[in-house]
K.L.:
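Below is a structure I'd like to ask you about.
The figures here come from the full heavy-atom set of this structure, side chains too, leaving out hydrogens, waters and symmetry mates. In listed order, ligands and their atoms are each counted from 1.
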Amino acid sequence: MGSVTAANHRFIEPVAAPAQAAPRLQVDKVSLSYSKPGGGTFTALQEVSFDVPDQQFAVLVGPSGCGKSSLLYLTAGLAEPTCGEIYVGGQQVQGPGADRGMVFQSYTLFPWLTVRQNVEFGLKRRGMPAARREEIVDHYVHEVGLDGFADNYAKQLSGGMMQRVAIARALANDPQILLMDEPFGALDSQTRLQMQQLLLRVWGNSKKTVLFVTHDIDEAILLGDRVYVMGARPGRIKQILDVPIERPRTLDMVMERSFIDMKREIFGLLHDDLEAAH
Ligand code: ADP
Ligand code: MG
């Protein structure tokens with residue numbers, strides 16, 4: 001087949017989508033069952049399908065136990081779906097890989113290493129020369145506002161600072177997608193607001209695709225381009241909503257009409273699910 005340029009593309013039908021338009025993440029009919037201790041199985045995820053386009057900030061929101069963490073673990077390749085497939089950059093996920101950067105709620109830094117050593121960990125393992133590593137570490141340490149802390153030990157840092165390091169470490173590896181599981185869930189509310197703004201700024205600069213998990217509706221709307229609302233029993237996607245709020249996002253937007261309307265809509269979807277459980 002001859003090449004299709006952007007200019008003539010729309011006049012030719014049917015035509016395969018250009019390669020760069022493929023979604024960065026594709027979750028295709030993914031189910032996950034856990035075996036129960038007494039026998040039988042528990043369906044944690046049932047036929048979950050969705051796409052995340054390149055450079056999009058996607059947020060999964062849903063009640064505790066609806067399978068958000070499970071879905072992130074599957075995408076990270078730390079567990080395997082019972083049925084279905086997950087593709088990152090068109091490649092099927094078949095195990096963990098440096099193309100997916102993870103930031104979890106619980107701090108996953110090496111406490112006995114310095115900030116610099118934590119951030120360069122993956123780069124060193126890949127055999128990157130020291131001078132290039134230093135350049136990348138300096139860049140991301142600066143990005144997350146930790147100039148002057150590169151030689152501090154991780155164990156000396158506050159929770160918010162540790163999460164800054166975790167974000168810098170994930171981005172330093174230049175992943176295709178950043179997977180974040182309630183990364184600010186353990187922080188006090190003031191630090192959490194600061195970290196949300198920091199993440200928005202860093203994301204704006206890095207242009208990474210993000211899959212972010214939260215059970216906080218405000219956080220979902222403030223950060224996301226799109227919110228994927230999940231339901232429980234069994235875990236599934238109930239609805240996908242575009243966030244109609246311009247960027248840059250600032251905290252005062254939580255009082256805007258469009259923000260409140262969307263909050264009410266998501267609350268309704270989550271509430272339906274709670275009612276159904278009784
Ligand atoms: P969420 O992150 O949305 O709170 P999880 O993905 O952690 O949800 O869990 C989804 C469901 O699967 C929950 O009901 C949880 O109890 C169950 N579950 C999670 N991990 C396991 C496991 N290793 N074995 C059995 N059940 C599990
Ligand atoms: Mg979870």
K.L.:
Are there over 12 heavy-atom neighbours, none belonging to R247, within less than 6.0 Å of that residue's CZ?
P.N.:
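Check passes, neighbour count above 12.
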K.L.:
Counting heavy atoms not belonging to R126, are there more than 12 under 6.0 Å from its CZ?
P.N.:
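Atom CZ in R126 is packed in, count exceeds 12.
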K.L.:
So which residues get pulled into L113's cluster when ILVMFWY side chains under 4.5 Å apart are joined, directly or through others?
P.N.:
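Once heavy-atom contacts under 4.5 Å are chained together, L113 belongs with F110, W112, F121.
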K.L.:
Which residues pass the side chain to side chain contact (heavy atoms under 4.5 Å, CB included) test with E135, sequence neighbours left out?
P.N.:
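Partners of E135 under the side chain to side chain contact (heavy atoms under 4.5 Å, CB included) test: R132.
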K.L.:
Taking atom CG of L25 and atom CD of Q176, what is their separation to the nearest 0.5 Å?
P.N.:
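Going from CG on L25 over to CD on Q176, the span is 10.0 Å.
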K.L.:
Close to the Mg ion (ligand 2), meaning under 2.8 Å, how many protein N, O or S atoms are there?
P.N.:
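Counting protein N, O and S atoms closer than 2.8 Å to the Mg ion (ligand 2) gives 1.
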K.L.:
Ligand 1: which residues have a non-hydrogen atom closer than 4.0 Å?
P.N.:
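Within 4.0 Å of ligand 1, the protein residues are Y34, F42, A44, P63, S64, G65, C66, G67, K68, S69, S70.
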K.L.:
As a test of understanding, state which of E120, R116, H139 forms a side chain to side chain contact (heavy atoms under 4.5 Å, CB included) with E134.
P.N.:
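Exactly one option meets the side chain to side chain contact (heavy atoms under 4.5 Å, CB included) with E134, and it is R116.
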K.L.:
Please evaluate residues R164 and L157 with respect to the criterion side chain to side chain contact (heavy atoms under 4.5 Å, CB included), reporting the C-alpha separation (whole Å), side-chain torsions for both, the decisive distance (0.1 Å), and the verdict.
P.N.:
CA-CA 10 Å; R164 289 173 192 241; L157 304 177; over 6 Å; no
K.L.:
Does a donor on one side chain and an acceptor on the other come within less than 3.5 Å for T214 and D216?
P.N.:
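Per modelled atom types, T214 and D216 side chains form no pair under 3.5 Å.
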K.L.:
Salt bridge check, D181 against K68: does any charged N sit closer than 4.0 Å to a carboxylate O?
P.N.:
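Judged by the 4.0 Å cut-off on N to carboxylate O distance, K68 and D181 do not form a salt bridge.
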